[in-house]
Protein chains: 2
Amino acid sequence: MRKQGSPSLQGEPPGDALSRKPITARELARMLGVSQSAVSRAFTPGASIAADLRERILKYAAEVDYQPNAIASMLSKSRTNIIGIVVSDMQNPFYPGLIEKLSRSLQRIGLQSLLFNITKGSNLEEQLSALRRYNVDAVIVISATILSGSTLSWATEGRPAILINRVIEDTNLSCVACNNVEGARAIADHFHRQGARRVAYVAGLSHTTTNRERQNGFVTRIAELGMTLSAQIEGREYSYNAGRRAALEIAARKSTDAIFFANDILAIGGIDALREEAGCRVPDDILVAGFDDIPMAGWPHYNLTTFRQPVDEIVRVVVEMIEGDTSALLRAATTIRLSGELIERRSTGAQPDAP
Amino acid sequence: MRKQGSPSLQGEPPGDALSRKPITARELARMLGVSQSAVSRAFTPGASIAADLRERILKYAAEVDYQPNAIASMLSKSRTNIIGIVVSDMQNPFYPGLIEKLSRSLQRIGLQSLLFNITKGSNLEEQLSALRRYNVDAVIVISATILSGSTLSWATEGRPAILINRVIEDTNLSCVACNNVEGARAIADHFHRQGARRVAYVAGLSHTTTNRERQNGFVTRIAELGMTLSAQIEGREYSYNAGRRAALEIAARKSTDAIFFANDILAIGGIDALREEAGCRVPDDILVAGFDDIPMAGWPHYNLTTFRQPVDEIVRVVVEMIEGDTSALLRAATTIRLSGELIERRSTGAQPDAP
DNA sequence: TTCCAATTTGCATCCGTATGCAACACGGTG
DNA sequence: CACCGTGTTGCATACGGATGCAAATTGGAA
């Protein structure tokens, strides 16, 4: 149907190499006097083909610059070698780093990353419908945004899905998350060691599991240690400005020794507000800690004490889950908790190690 | 070949809804007593089909949750509706913002983004070979990393390619870039107005066109204004630490009134180094300006004067190029320069507008 | 030398959708 | 009533590669 007619009648199309269509396995096979199956097998590791034939085909393929068409391959095999990555907030510097490492690791084992940037508010199903149509092999969700388990199940439609830093129980979704409770308790312990007694918590997105775990872990440990929770600010976003506003609110009451922000971006906004707007000194007047350990937390001006997420390990585990038997992921959704590390810096009066 | 045999003999497979394969157009057609073509046409805008038939098919399709398989569609049409995005540095906060806006705009017109995260140093052709095999409709390159025009031409293989913030002349690649010369001159003018006379330039990646343009524009304008170029630091990366080191080097010579860093991340590292390590006051002792206007530049501690890149406009232009006749892009590669905006803040002693 | 097993190769068909072309339906005109 | 044009519909095949099965080849054992 397409482009029948004699191949080179209308003269060389303008634009030179531009409209030249890539060579196909059949053409390559005909040139070599072998069958198309042979070409396909030459490119399939472990296929039943003689070593010398394979070599001859691959050599010639390299010469004429043949590469198997991935689309056709996807159609006949069940695999697409594409992983869908669902993201909603690339502004928080924690995520770009994670996405970068993740996509690099996937590339290393021959998987590509198809990015789905969902916008909260508008029609989620519509945004995710492409996720179904593209037949991705698996889905990785790196999104703090509201995304119900049922919507997600619909979108992934029987494909393995792995949530990073979000935990949903009721569905067949796997989760890989940092041990938020452990981290929050470590911050509480650290505050206590540094002498704080009246402490505050600043939430990110209140309803997210991540926030709830950090909040509960912190508040519980605070109580165990006999400290006072002097303030607790609800939040609607993980952002610099939200941190600023929360810090000002807490500073106005003048009854807090230390603030634990649900993540680093909040904490950094908080530090700036405390110093520039509230006239407080950090850590002299008030201690501040965050969560994640984004690059800015290490900048000298902030020097933010934080709980470092094990990004490399998270990536490793996720990639292993995908690399392994993905159908196993479907049968038994697993939740994996990874340990992080308390990074003590000057924002809580600690003396950090030399860089 | 696959899954022949009677459909429901071996009982419901374990895992419930998990392994159920999605319905196909043919099955849907048979259920409705129409031809598969009809189903295809019902989902093709502008196809030759009666309105009531289309409605009936779409309604039933919605009921049984049928959606056309994108892979099969890609194979028969020439379009994949996938845009390859080549990235190399997600750490610089300017890029995540750009990528996010870009992928959202593309999604809005039904295009998905396939992410290619290239690592400098290792084999580029190998990394980009997937770009060819996946038949992407177009390629957008957002990468400061070394990537020769010829490598890129090979990788895109007759597909339209658009470079953002990089200009390559010799090939048939389109470019959309900020007017770096204009921006650099604006910074120079601003320095002059603020009373600086001995100024320094800190390069990012020296050989990139972006850096060269900013450098030349700045140095040229400096000379025109009769100012002295007191230092010029070569660079191997656009990073916080590179900015730190450069700033310390310049501060040690004590002969500079103002520093123009090739981008904001460098400038921010520079400010921190000047204040925390060199004991200088910014802007009292030395003025600092950057380029890009990343979020951190607006944070009160930095309050960085910078030249804002017209991100929204860049995205708009790129998407328009892709949305329009892409083959036109191939025939006539165009380079588009967009104007940015000088943002005067306190790092150069300016009084910023109230937030 | 004969026969069988193991390995290699090719043939035919499938994956699921798009589309050129022919067939068909319907309404109006001469 | 024959004829034609417009608008719909279905048939058949193409897209490019993967793979079950049968055929062909090879080597070695009896």
Side-chain angles (χ1 to χ4, degrees), chain A residues 1-5 7 21-58 61 64-81 130 132-135 137 157, chain B residues 1-5 7 21-58 61 64-82 132-135 137 157:
Chain A
M1 303 307 170
R2 269 145 304 284
K3 284 272 182 73
Q4 283 286 47
K21 289 180 62 173
I23 192 174
T24 71
R26 268 184 183 83
E27 292 168 339
L28 186 72
R30 202 166 34 71
M31 290 163 152
L32 283 169
V34 300
S35 72
Q36 178 261 318
S37 325
V39 175
S40 173
R41 291 193 178 104
F43 281 88
T44 307
S48 162
I49 186 177
D52 55 342
L53 212 211
R54 162 173 280 154
E55 197 182 347
R56 190 157 68 95
I57 292 177
L58 291 181
V64 299
D65 211 19
Y66 165 82
Q67 284 188 289
N69 179 324
I71 309 289
S73 163
M74 294 184 213
L75 187 59
S76 35
K77 294 200 294 202
S78 49
R79 296 195 54 169
T80 56
N81 284 341
R132 317 177 77 209
R133 312 206 310 114
Y134 278 92
N135 269 6
D137 288 344
E157 192 194 24
Chain B
M1 301 303 170
R2 271 146 303 286
K3 285 269 181 73
Q4 284 285 47
K21 289 180 61 172
I23 192 175
T24 72
R26 243 183 274 277
E27 291 167 340
L28 185 71
R30 203 167 32 72
M31 291 162 151
L32 282 170
V34 299
S35 72
Q36 178 262 320
S37 324
V39 175
S40 173
R41 290 199 251 262
F43 280 88
T44 307
S48 164
I49 185 175
D52 55 341
L53 211 211
R54 162 173 282 153
E55 199 182 345
R56 190 158 68 95
I57 293 177
L58 291 182
V64 299
D65 212 19
Y66 165 81
Q67 283 187 288
N69 179 324
I71 309 290
S73 166
M74 293 185 216
L75 186 58
S76 32
K77 292 200 294 201
S78 48
R79 297 195 54 171
T80 56
N81 285 341
I82 291 182
R132 315 178 79 211
R133 310 204 312 113
Y134 278 91
N135 268 5
D137 288 342
E157 192 194 26

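Computed from heavy atoms alone, side chains included, the values below leave out hydrogens, waters and symmetry copies. In the text below, chain A, chain B and the rest are named by the order of the sequence lines, each starting its count at 1. Fair warning: this is a prediction, and the values are worked out from it, not measured in the lab.
When rounded to the nearest whole Å, the span between CD1 of Ile71(A) and P of dA18(C) equals 14 Å. Regarding Leu28(B), its CG atom lies at a distance of 13 Å from the C1' atom of dT17(C), rounded to whole Å. Counting to the nearest Å, the C1' atom of dG16(D) and the NZ atom of Lys21(A) are 10 Å from each other. In this entry the distance linking NZ of Lys77(B) with C1' of dG20(C) reads 17 Å, nearest Å. For the pair Arg133(A) CZ and dA18(C) C1', the interatomic distance rounds to 14 Å; values are reported in whole Å. Residue Arg26(B) contributes atom CZ, which lies 8 Å from atom P of dT17(C) at whole-angstrom precision. In this structure, CG of Asn69(B) is placed 14 Å from C1' of dC14(C), rounded to the nearest angstrom. Rounded to whole angstrom, the span from the OH atom of Tyr134(A) across to the P atom of dG16(C) amounts to 18 Å.
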For nucleotides 6-10 of chain D, list the nitrogen or oxygen atoms of the protein found under 3.5 Å from its nitrogen or oxygen atoms, one pair per line.
residue	atom	partner	partner atom	Å
dT9(D)	OP2	Ala50(B)	N	2.8
dG10(D)	OP2	Ser35(B)	N	3.2
dG10(D)	OP2	Ser35(B)	OG	2.9
dG10(D)	N7	Arg41(B)	NH2	2.6
dG10(D)	O6	Arg41(B)	NH2	2.9

Exercise. List the steps and the verdict of side chain to side chain contact (heavy atoms under 4.5 Å, CB included) for Asn81(B) and Tyr134(A).
Key: CA-CA 10 Å; Asn81(B) 285 341; Tyr134(A) 278 92; 3.4 Å; yes
Self-check item: Test log, rule side chain to side chain contact (heavy atoms under 4.5 Å, CB included), inputs Met31(A) and Ile23(A)
Solution: CA-CA 11 Å; Met31(A) 290 163 152; Ile23(A) 192 174; 3.8 Å; yes
Quiz item: Can you list the steps and then say if Met74(B) with Asn135(B) is a side chain to side chain contact (heavy atoms under 4.5 Å, CB included)?
Solution: CA-CA 9 Å; Met74(B) 293 185 216; Asn135(B) 268 5; over 6 Å; no
Exercise. Step by step, work out the side chain to side chain contact (heavy atoms under 4.5 Å, CB included) result for Val34(B) and Arg56(B).
Key: CA-CA 11 Å; Val34(B) 299; Arg56(B) 190 158 68 95; 3.8 Å; yes
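When the C1' atoms of four end pairs are superposed on the next four at each end of the helix from dT1(C)-dA30(D) to dG30(C)-dC1(D), using five pairs per end, the two resulting axes differ in direction by 60°, to 10°.
Residue Ser40(B) has a polar side-chain atom (N or O) positioned under 4.0 Å from OP1 or OP2 of dA18(C). Here Tyr66(B) reaches the OP1 or OP2 of dT17(C): one of its side-chain N or O atoms lies under 4.0 Å away. Contact annotation: Ser73(A) reaches the phosphate of dA18(D) (side-chain N/O to OP1 or OP2, under 4.0 Å).
Heavy atoms from other residues, nucleotides or ligands lying under 6.0 Å from CD of Glu55(B) number 12 at most.
Side chain of Ser76(B) to backbone of Ala72(B): a donor-acceptor contact under 3.5 angstrom is found. A donor-acceptor contact shorter than 3.5 Å links the side chain of Arg133(A) to the backbone of Pro68(B). The backbone N or O of Ala50(B) sits nowhere less than 3.5 Å from a side-chain atom of Arg41(B) that would complete a donor-acceptor pair. Side chain of Arg79(A) to main chain of Asp137(A): no donor-acceptor pair is present (N/O by atom type, distance under 3.5 Å, no hydrogens or angles).
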